[in-house]
Amino acid sequence: MAKRTTNPNKTDGGLVVIANRMPVRRTAKNKPGEWETSPGGLVTALSPMLRERGGGWVGWDGAAGRKAVPPFLHENIRIRPVSLSAKEFDTFYAGFANKTLWPLYHDSIREPQFHRRWWWPYHRVNERFADAAAQVAGKDDLVWVHDYQLQLVPGMLRERRPETRIGFFLHIPFPPEELFAKIPWRTPILEAMLGADVVGFQTRLAAQNFSRAARRFTDARGSDRLLRFAGRRVVVDAFPISIDVNLYEGMARDPEIAVEAERFRASMNGRRIILCVDRLDYTKGIDIRLRAFEELLSRGRYTAEDCVLIQIAVPTRESVDDYAELRDDVERLVGRINGTHSVKQHVPVHYIYGGLPTRDLIARYCAADVMMVTPFRDGMNLVAKEYCMTRIRQDGVLVLSEFAGAALELKQALLVNPFDVDGIASAMEDALEMTHAEQRKRMTTLRRTVRARSVHDWADGFISRLRES
Ligand code: F6P
């Protein structure tokens, strides 16, 4: 790759990432100007490349209605913050991104709402990102746009910079044509996505859904993998995302984490541990899973003296009503199960509303006998992959939803229909009863599968396709 230019506001020959979130967050002291690297997978995947080769990142600064943060340099990454007004937070982020697109793209698990008063701010904010991208990206840079919040950016940037190589990756599912068809702005969304040279998805099915919708609602022609649009070729393909496998495996081998895992196990008094870790999102199937655990306890083979379900629910999008309602439902359910099924001093569900520091989370993965990942629909689901990489003794059982992208790769998990209360309860029983030999057989293959493709391979794979395009 070429060197960076001397212009401090521009990069050249490197990579410019456009994502709704910046790769940094304010430090705990929350002092203006003090930033630390965020923990997310995307940042882990791309930061080394950006640090080495130089690059830029355009992202929302995370606040609403505050004064714009000027561009700054963080570990050799040029950060170009984009600000949102309080109104834009409500309409672009909480509204169009999270009450229109998010539910619709997840099989309409909640009724998506279509409002013009949200569409136009979505359009305007995407334009602001595209303007920032055009300012930051040098002539030879690759630009990689991420996710459903910024689907219009590829087309908008193409208008501003016709020669730039632009990639787009959707982290969440892309819905079947008949669901996507409901969006009143379906054609401009698809046309804008087709502004990219490479449009990437988590699964082949999502890629196919996109190509079919594009052929139906735009002038694009061609096959599921290669479309022609506005005189250009657009590559459409699946690039399943992963985790930093060495990081998770390495941490699981850390003696301090092993001690914490043992301490945690001991605190459960020998009970079998069923672990669930999710953002508190209605797509994650938390309520049905809790009902399934209630069913398991009602069947009587297991009581709260034998097993405990730990639900770590990470707060998210709390300003959106559906999320607040879900929290109430889940907490009511936890109360009901604990009220009915506690035995002596043993409470069957331990519910934690909040995130855990990564090291503590890994200690819990290491301690858990069973990991339940049962989303109703999920683009990929990295918790499932993280659990496998921390199982360095090749034991433990992963129960996984058929409707998570990860299920296409993690075939040795116990696959369940996340809507089937009885089926999930039976899978919990099967998991608790699985022999060590069977656990080992399955987990060895699961770990081999995850190890074969780390998040760095994902990023390299996408970028080389973009460079070839
Ligand atoms: O998968 C979609 C996604 O945007 C992730 O990239 C992110 O971790 C998560 O949802 C959280 O979303 P938000 O930015 O709305 O907090």
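Atoms within each ligand, like the ligands themselves, are counted from 1 in listed order. Counting begins at 1 with the first residue of the sequence.
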Legend entry - Check: W60 ring centroid to Y93 ring centroid under 6.0 Å: yes
Inset, instruction - Verify the ring-centre separation between F462 and W144: is it less than 6.0 angstrom? - result: yes
Legend entry - Under 4.0 Å from ligand 1, counting heavy atoms only: the protein residues, by chain and number: R21, Y93, W102, D147, Y148, Q149, I172, R279, R317
Legend entry - Within 6.0 Å of CZ in R51, more than 12 heavy atoms from elsewhere: yes
Legend entry - From F180, F217, F169, F174, residue fulfilling ring pair (Phe, Tyr, Trp, His ring centres under 6.0 Å) relative to F210: F174
Inset, instruction - Please work out whether the ring planes of F96 and Y122 are parallel, tilted or perpendicular, with thresholds of 30° and 60°. - result: tilted
Inset, instruction - Provide the full list of ring-ring contact (aromatic ring centres under 6.0 Å, His included) pairs with a residue in residues 14-34, sequence neighbours left out, each pair given once. - result: none
